[in-house]
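Okay, structure first, notes after.
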Amino acid sequence: MTFPCTRMGAAVSLALLQMSGALAQEAQAPAAPDNDALQMNRVVVTGTAGGTSKMKSSVSLSTLEADTIAQAVPTSAADVLRSVPGVRSESSGGEGNANMTVRGVPISAGGSRYVQIQEDGLPVLQSGDFNFITPDAYVRIDGGLSHLEVVRGGSASTLATNAPGGIVNFIGKTGEEEGGSIGLTQGVDYDSTRIDAEYGGKLADRTRFFVGGFYRRGEGVRETGVTSEKGGQLRANVTREFDNGYLRVSLKHLNDRTPTALPVPVTVSNGRIATVDGIDPRTASFYSPYWVPDVTLDKNNRQVAHDVNDGMRVRSTTLGLEAQFDVGNGWKVTERLRKSVNSGRFIGVFAGNSGTVGDYVFATGPRAGQAYAGRAFAAVVFNTSIDDAGSIMSDTKLARTFQLAGGARVTATGGLYLANQDLGLTWNFNEYLMQASGDRPALLQTANVTPGLVGPAFGACCSRAIDMEYKYRAPYVNVGYEAGPLNVDASLRHDRQSANGSANIATGARRYDPATVQRVDYDLSRNSYSVGANYRVSGALALFARASDGVAFNADRILFGAPLDGSAPVSINTVRQVEGGAKWRNGPLSAFVTLFHAKTRESNFEVTTQTSTANSYDAKGVEIEAAWRRGAFEVNGGLTLTDAEISATAPGSEALIGNAPRRQARAVYQLSSTYAIGKALVGASVVGTGKSWADDQHTIRMPAYRTVSAFANYPVSERVMLSLSANNLFNELGYTEVEGDGHAARAIAGRSIKASVKYTF
C-alpha cells in the first residue's frame, strides 16, 4: 500500500521511531490522567463489542465532551463534527440537510450515506442519505448531551448497519451527577432567543433520572424577515440499577422548525466562482414575508397549501429501552430498543438559474404593481412532505469473557440487529420568479394568476409519491483476544435488506395515477468483516492496524431508475479499508496518527437529470489528532491529508478516471485552544479546508477557506456564568457545494454572535 506525500509519510515514520525510543524508558511511568488531553484511557462504547479504552482499541476514534462542543460555537449537530479529524461535514444547510463523510470516502449523494449517526447507540435513521431527510435534522445539541464518540472506519463495518465509513454517537446524560442548570441565550447580531434547562439526580437509592431540553424562537443566523426558528426538544430517562445490571427507559420529543440554506445564484468564469450583485451567499435567505402559499397535491390528489417560510420542520417522538444484565456463568446480555415516530416537512428555496437582468413588475411586497428593473431568478420551491420516517430498532447481544492460562482472555460476543424503517415522502417542486435579493425578496409578475408562479419545476419531473418499508436483519459476531500488551479482534456481520413498497410520478395535470405506480420488492444481503490488532509498546505508546470491508445499502436514491421488483440486479455500495497507526502520550502531549487507504464502489440515480452513475474511488492519506495541555493552557488540533481519485466509471465516462472526486480537498485541518485568565476562560478555534473541485469533470474550482470561532466565559459567582461567543468571527466566505453548470452555490453562514447567562444549581 502506498501513501501520498512521501516526505510527510517519512516524517511521520521518523516521528514514530523517535516516540518509541524516547518512551522505552517511560514504560513504567505513563502520563498522569490529568495530562491525558486526548483521554486515551477513557472507555468508549461506540464501534466496540463491549467497551474498551482508546489505548487498547485498534480503531481511530475521538471523543468530545459537552463543554468542548460548546466552546467550538457550533450552529448545528453537523457543525460540531467539523471539529473532528477525518470527518468531512458540509454544515452549510442549516440545522439539517448536511452532507457528511469520513476521510476519502466520497460525498456523491446528499446526507451521510457511509456514516451512521446515532443517539445512545442506535441509529437516528437507518439510511443516512434519504432524499430531503437527513439524520442530523433530528439531532439537537442541548444540555442533555453528555459527550460525543466518533469512530472512523474500522469496526463500524461490522458493529452497525449502513456504516462502513464510521459511526457518530451522541450520548446523553443519565443523571449520574446530582444537579442541573437553566440558561438563556440571545443572538447579538441576529434575532434568536433560546432557553435551556436540565436536571438530574436520584429518585431512590438505586434509581436515578435525568430531564432536559430547550425552546427557542427567532429568525436564525440568516435574516428572513419572519419567525423562521420556532420549537424545541424535551428528553428524559430513568435508570434503575440491580445487583446484576441495570434497566433504563428514555423518552425524547422534538418539535422544531428551522430555516434551511440551499444554493443561491452565482456566476462562474474560467472556473472561478463570483457572487451576483445583491446576493451574499453567507447571508442570503429567500425566505421572505412576501411569499404566497405554495399550493401542491397530496398523495390523494387533494390540493394543499403550505407556508414556504416554514423551512425544515421536524417532529419526533421516541421511546427507548436499554438493559444490561449478568445472566449467570459469566454471560452478559445487553438490549437496546427504540420506537420512533418521525415526520415533518422540508421547504427550501433553490436557485434554478443565476438570473437575468431585465424589466419586471413586483407581484408581492410593499411595491406590488410597481416596476422593477434588475435581476430576477427562478426560485424553485422544494416542497417535500415527510409523511412517515418512523422506525423500530433493536440491538441484542450476548457476551462472555473466558480466562485462559497465563492471564490471557478471550471475549466472545454474538448479536442480532433488527430494524424496520418506514419512508413516506411526497415531493412537489414549483418554480416562481423572484427578485434577486438576499434581503426579503419579493415575487415578480408572471402570466399565472398566482403571484410569481411560473409552473412545475424542471419539466414537471419532481412530483413524486413514495411509500416504502425497509427491513434490516443483521446477525453479527465478534471475538477479542487480550494477552498482556496485545489486543486482537475479528468480527463478521451478515446484513440483509428487504425493500417493499411503491413509488409514483404525478402525470397529466400532476395527478397521481395508480396505473403509473412503480412496485418495489427486492431482497439484498452481504457479508462484512473487520480484523484489527493493537499492541501497547509501553504505557504511553500503542501501535494498531486494521482491515475492514463493509456495505451501505441504497434506499430511495435508486427509485425511479432501474426496475426494483426483483427482476433485475439492485446496486449496493461498498467500502474496503486498510488503516494503521500509533497512539502516543508524553507528559502533556498526546497524539493519534492513522494512515488509511479506502476503496469505494457505488451507484447513484439523479432524479432531476434522470441520469445513472457508477463510480469507484481510491483514497489514501494520513489523519493526525494531537493535544497539548499545560496548566491553564490547552491546544487541540487535527489534520487530514487525502489523495483521492476516481478509479473506475460506467462506460462513456472514462475521461473522469484519475480525477479527484468532487468537493474532496487534499487538506482539512482543525486547531483550537483555551486559556484560563483568573476566573475567566477564553478560547478560539480554526477549521479550514483546502481548495477542491466542485464537479468530477474539474471545470469549477472551490477555493480554500477557513473559519475562526471564539468564546469567553466568566463566572460572576459560583453558580452564575456569563458567555459571549462568535461563529465565523471574520465573516469568511466558504463554498461547500456548486451546481454542475455553475449557476448556483451553497456557502457557510456568515458571522453570528450570541451571549448567554447560565445558572447552575
Side-chain angles (χ1 to χ4, degrees), residues 1-6 8-31 35-44 47-49 51-63 85-86 103 150-157 166 407-409 411 478-491 529-548 577-587 589-598 620-628 638-641:
M1 179 175 63
T2 59
F3 292 93
C5 308
T6 303
M8 178 197 68
V12 171
S13 299
L14 178 59
L16 295 179
L17 289 173
Q18 290 174 338
M19 291 178 198
S20 180
L23 293 171
Q25 300 175 354
E26 296 187 16
Q28 304 303 319
N35 288 331
D36 186 8
L38 288 182
Q39 298 181 306
M40 294 292 193
N41 288 322
R42 175 166 186 159
V43 174
V44 294
T48 66
T52 187
S53 70
K54 290 185 187 180
M55 212 62 182
K56 291 183 178 182
S57 173
S58 54
V59 298
S60 297
L61 55 90
S62 299
T63 54
R103 296 170 175 164
V150 182
V151 173
R152 281 90 69 193
S155 56
S157 295
R409 59 181 184 175
T411 299
N478 179 282
V479 177
Y481 172 80
E482 181 175 356
L486 177 65
N487 290 76
V488 179
D489 70 276
S491 51
Y529 71 84
S530 184
V531 180
N534 186 86
Y535 184 77
R536 298 185 302 282
V537 178
S538 70
L541 173 64
L543 306 177
F544 72 98
R546 179 170 289 274
S548 59
Q577 298 176 86
V578 178
E579 57 193 297
K583 294 160 281 187
W584 170 64
R585 295 200 318 264
N586 186 11
L589 179 63
S590 302
F592 206 140
V593 180
T594 305
L595 301 171
F596 62 86
H597 186 184
K620 313 177 188 73
V622 60
E623 172 189 290
I624 303 171
E625 183 178 15
W628 183 79
L639 171 66
T640 306
L641 301 175

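- Listed by chain and residue number, S58, N487, R536, A542, F544, K583 satisfy the side-chain contact (heavy atoms from CB on, under 4.5 Å) test with N534 (two or more places apart in sequence, or in another chain).
- Residues E623 and S60 approach most closely at OE2-CB, 3.8 Å, considering heavy atoms.
- Qualifying side-chain contact (heavy atoms from CB on, under 4.5 Å) partners for A545, counting only residues two or more places apart in sequence or in other chains: none.
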Side chain to side chain contact (heavy atoms under 4.5 Å, CB included) assessment of T594 paired with R103: CA-CA 11 Å; T594 305; R103 296 170 175 164; 3.6 Å; yes
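- A pairwise comparison of heavy atoms in L541 and W584 identifies CD1-CB, 4.0 Å as the closest pair.
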V622/V593 under side chain to side chain contact (heavy atoms under 4.5 Å, CB included): CA gap, chis, key distance, verdict: CA-CA 7 Å; V622 60; V593 180; 4.0 Å; yes
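- Taking CZ of R152 as the reference point, atom CZ of F596 lies at 10.5 Å (rounded to 0.5 Å).
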Run the numbers on H597 and E579 for side chain to side chain contact (heavy atoms under 4.5 Å, CB included), then give the verdict. CA-CA 6 Å; H597 186 184; E579 57 193 297; over 6 Å; no
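- Put simply, CG on D489 and OG on S530 are 6.5 Å apart, with the number rounded to the nearest 0.5 Å.
- In this structure, CG in L61 is found 5.5 Å from CZ in F592, a value given to the nearest 0.5 Å.
- Residues E625 and S62 come closest through the heavy atom pair OE1-OG, 2.9 Å.
- To the nearest 0.5 angstrom, Y535 atom OH is 8.0 Å from L486 atom CG.
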Mind running side chain to side chain contact (heavy atoms under 4.5 Å, CB included) on S155 and R546 for me, showing each step along the way? CA-CA 9 Å; S155 56; R546 179 170 289 274; 4.1 Å; yes
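- We find the OG-OH distance between S548 and Y529 to be 7.5 Å, quoted to the nearest 0.5 Å.
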